[in-house]
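Below: one structure, written as structure tokens.
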Amino acid sequence: MVNRSNSPSIQLTDLAKSFGSVSAVDGVDLTIAEGEFFSMLGPSGSGKTTVLRMIAGFEQPTRGTVSLAGQDVTGLPPFARDVNTVFQDYALFPHMSIAENVEYGLRVKRVPKAERRTRVGEALETVRLSSHGDRRPHQLSGGQRQRVALARALINRPTVLLLDEPLGALDLKLRREMQIELKAIQREVGITFVFVTHDQEEALTLSDRIAIFNDGRILQVATPRELYETPNSAFVAGFVGTSNLLTGAAARSVVGRDGTFSIRPEKIHLDDVPDGAATTAGVIREVVYLGSANHFVVDLDVPDGPDNPENRGNPTSLTVLRQNTATAGTALGRGERVRLSWLPENVIELASTLSTAPSAITEESA
Ligand code: ATP
């Protein structure tokens with residue numbers, strides 16, 4: 001059933017939107033392939049929802065075009081576009097049964113009764129709620145209600161489904177379960193999903209590709225692995241995972257030259273020194289117990305530390321992730337001196353400077 005041709009499902013060209021003096025989206029170019037699970041990830045206010053609303057037709061761009069399956073739909077109203085949207089607040093009709101909620105869109109389109117019944121049955125089966133058709137929305141859990149919303153959007157058989165933080169109202173455990181379900185459903189129906197989230201883990205779990213947004217622009221479009229392993233800027237490195245940025249005197253001291261660099265926490269060793277590894281030393285400032293692993297924040301032996309004007313505002317510490325295996329050695333505590341080592345190929349050189357690193361946002365989104 002899955003049709004993964006490479007013809008673009010969605011094409012955005014120089015898309016921009018201003019609300020009065022606020023530039024919400026500022027020149028977005030993007031091509032999304034048919035059948036892709038595509039996520040738009042970025043901090044609050046970066047323009048993700050506005051882009052989604054322009055694809056749906058709820059918002060008219062100030063500049064640029066939206067094409068769906070090769071057709072320019074920029075001026076068309078939402079109902080004339082082959083897309084459906086699932087919002088965070090599922091907005092189910094409380095007085096209708098689940099089956100009636102799912103059927104509603106077909107009734108509006110005056111689809112004959114027999115066909116309506118067949119399609120409702122199929123849609124409920126897709127979201128694994130076949131036995132719940134007679135219930136009312138208040139008799140379902142949050143995750144089940146979200147699946148009804150999904151069935152209601154899928155029943156019109158759109159070629160593109162737009163999802164705006166659809167799992168945002170669910171608790172963490174349910175959210176994780178629904179992520180797996182959502183991915184399975186998308187594979188099964190084979191249509192293009194465009195998913196908006198500010199949760200980096202969710203985007204990495206679900207997506208074929210991800211666009212990273214900041215200030216109304218896209219900074220990088222790549223697969224989850226590429227974003228993590230080869231971020232193109234300090235911002236992306238900081239938004240997807242813990243960045244461990246090194247610049248200024250810290251870069252010279254640790255990496256041996258000028259520039260902005262990142263080393264992922266799990267690539268740094270605390271006990272063993274692998275062959276060919278580079279090393280540095282520091283003092284453990286913080287230990288964060290994570291169950292299966294520990295996070296160590298290590299203050300580096302950077303010349304003059306925070307007193308060096310070059311280090312002001314720049315990090316002079318590295319976070320190290322160490323699994324709590326039986327072989328992880330003796331427990332390390334605050335104040336202890338440690339040696340850090342890593343393989344040179346695990347140092348990522350970044351193009352932009354620290355001024356764009358979203359340290360506060362990273363913590364919020366972690
Ligand atoms: P969030 O994750 O918080 O939903 P977002 O990345 O989806 O954020 P948008 O909702 O697209 O961001 O908003 C982008 C910018 O445009 C923000 O500064 C927002 O305040 C502004 N904005 C969005 N909609 C409107 C509107 N209808 N009127 C005025 N400003 C708006």
Side-chain angles (χ1 to χ4, degrees), residues 10-30 32 37-66 73-75 77-78 81 83-91 146 149 153 160-172 175 178-179 182 192-207 209-222 224 227 231 233-241 356-366:
I10 301 171
Q11 188 141 30
L12 310 178
T13 311
D14 192 27
L15 201 63
K17 177 73 184 178
S18 298
F19 297 100
S21 60
V22 176
S23 171
V25 176
D26 186 15
V28 161
D29 291 293
L30 187 62
I32 300 175
F37 199 123
F38 191 92
S39 291
M40 300 200 276
L41 174 68
S44 184
S46 58
K48 311 173 301 282
T49 298
T50 305
V51 169
L52 201 78
R53 290 174 61 80
M54 287 193 278
I55 298 172
F58 298 130
E59 216 70 79
Q60 268 300 307
T62 315
R63 191 180 78 228
T65 58
V66 176
V73 298
T74 315
R81 303 182 185 203
V83 299
N84 250 335
T85 310
V86 179
F87 297 101
Q88 181 178 337
D89 52 352
Y90 338 112
Q146 185 57 65
V160 172
L161 194 64
L162 307 174
L163 303 106
D164 193 358
E165 299 262 4
L167 310 181
L170 306 179
D171 68 50
L172 195 60
R175 195 171 172 140
M178 275 302 293
Q179 287 168 3
L182 201 60
T192 311
F193 273 34
V194 183
F195 190 87
V196 164
T197 182
H198 61 261
D199 180 334
Q200 50 125 338
E201 193 184 316
E202 185 159 284
L204 292 177
T205 308
L206 289 171
S207 318
R209 285 190 309 152
I210 302 170
I212 304 290
F213 277 72
N214 189 34
D215 280 343
R217 291 167 193 257
I218 292 178
L219 298 187
Q220 189 171 4
V221 181
L227 281 180
S233 59
F235 184 92
V236 174
F239 204 77
V240 182
T356 53
S359 54
I361 294 161
T362 307
E363 275 158 29
E364 182 190 296
S365 66

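Computed over heavy atoms, backbone and side chain alike; hydrogens, waters and symmetry mates excluded. Counting convention: from 1, in listed order, for ligands and their atoms alike.
Here the closest heavy-atom approach between residue Val51 and residue Phe213 is recorded as CG2-CE2, 3.7 Å. Among all heavy-atom pairs drawn from Ala16 and Asp26, the shortest one is CB-CA, 4.3 Å. Taking each heavy atom of Lys17 and Gln60 in turn, the nearest pair found is NZ-O, 2.7 Å. Between Leu15 and Thr65 the shortest heavy-atom distance is CD1-O, 3.8 Å. Minimum interatomic distance between Val28 and Gly216 (heavy atoms only, all atoms of both residues): CG2-O, 3.8 Å. Minimum interatomic distance between Val66 and Met54 (heavy atoms only, all atoms of both residues): CG2-O, 3.8 Å.
Looking only at protein heavy atoms, the nearest one to atom 10 (O) of ligand 1 is Thr49 CB, 3.7 Å. Among all non-hydrogen protein atoms, the one lying nearest atom 3 (O) of ligand 1 is Ser44 OG, 2.6 Å. Of the protein's non-hydrogen atoms, the one nearest atom 18 (O) of ligand 1 is Val22 CG1, 4.0 Å. Here the heavy atom of the protein found nearest to atom 12 (O) of ligand 1 is Gly47 N, 3.2 Å. When hydrogens are left out, the protein atom nearest atom 11 (O) of ligand 1 is Thr50 OG1, 2.5 Å; that is the closest non-hydrogen contact.
Taking any N or O of Phe19, backbone or side chain, none lies under 3.5 Å from an N or O belonging to ligand 1. At under 3.5 Å, not a single nitrogen or oxygen of Glu165, backbone or side chain, sits near a nitrogen or oxygen of ligand 1. The shortest N/O to N/O separation between Glu59 and ligand 1 does not fall below 3.5 Å.
Between Pro43 and ligand 1 there is a heavy-atom distance shorter than 4.0 Å. Assignment of Ser46 to the shell around ligand 1 is supported, since a heavy atom sits closer than 4.0 Å.
Of the listed residues (Gly42, Gly20, Gly45), the one carrying the non-hydrogen atom nearest atom 1 (P) of ligand 1 is Gly45. For the residues Ser21, Ser18, Ala24, the heavy atom positioned nearest atom 15 (C) of ligand 1 is part of Ala24. For atom 2 (O) of ligand 1, the choice among Met40, Lys48, His198 with the nearest heavy atom turns out to be Lys48.
Between Leu172 atom CG and Glu201 atom CD the span is 7.5 Å, to the nearest 0.5 Å.
Within 6.0 Å of the CZ atom in Arg81, the count of heavy atoms belonging to other residues, nucleotides or ligands exceeds 12.
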Legend entry - Candidate pair Glu165 and Asp199, rule side-chain contact (heavy atoms from CB on, under 4.5 Å), full reasoning: CA-CA 9 Å; Glu165 299 262 4; Asp199 180 334; 5.9 Å; no
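Atom 20 (O) of ligand 1 lies below 4.0 Å from none of the non-hydrogen atoms of the protein.
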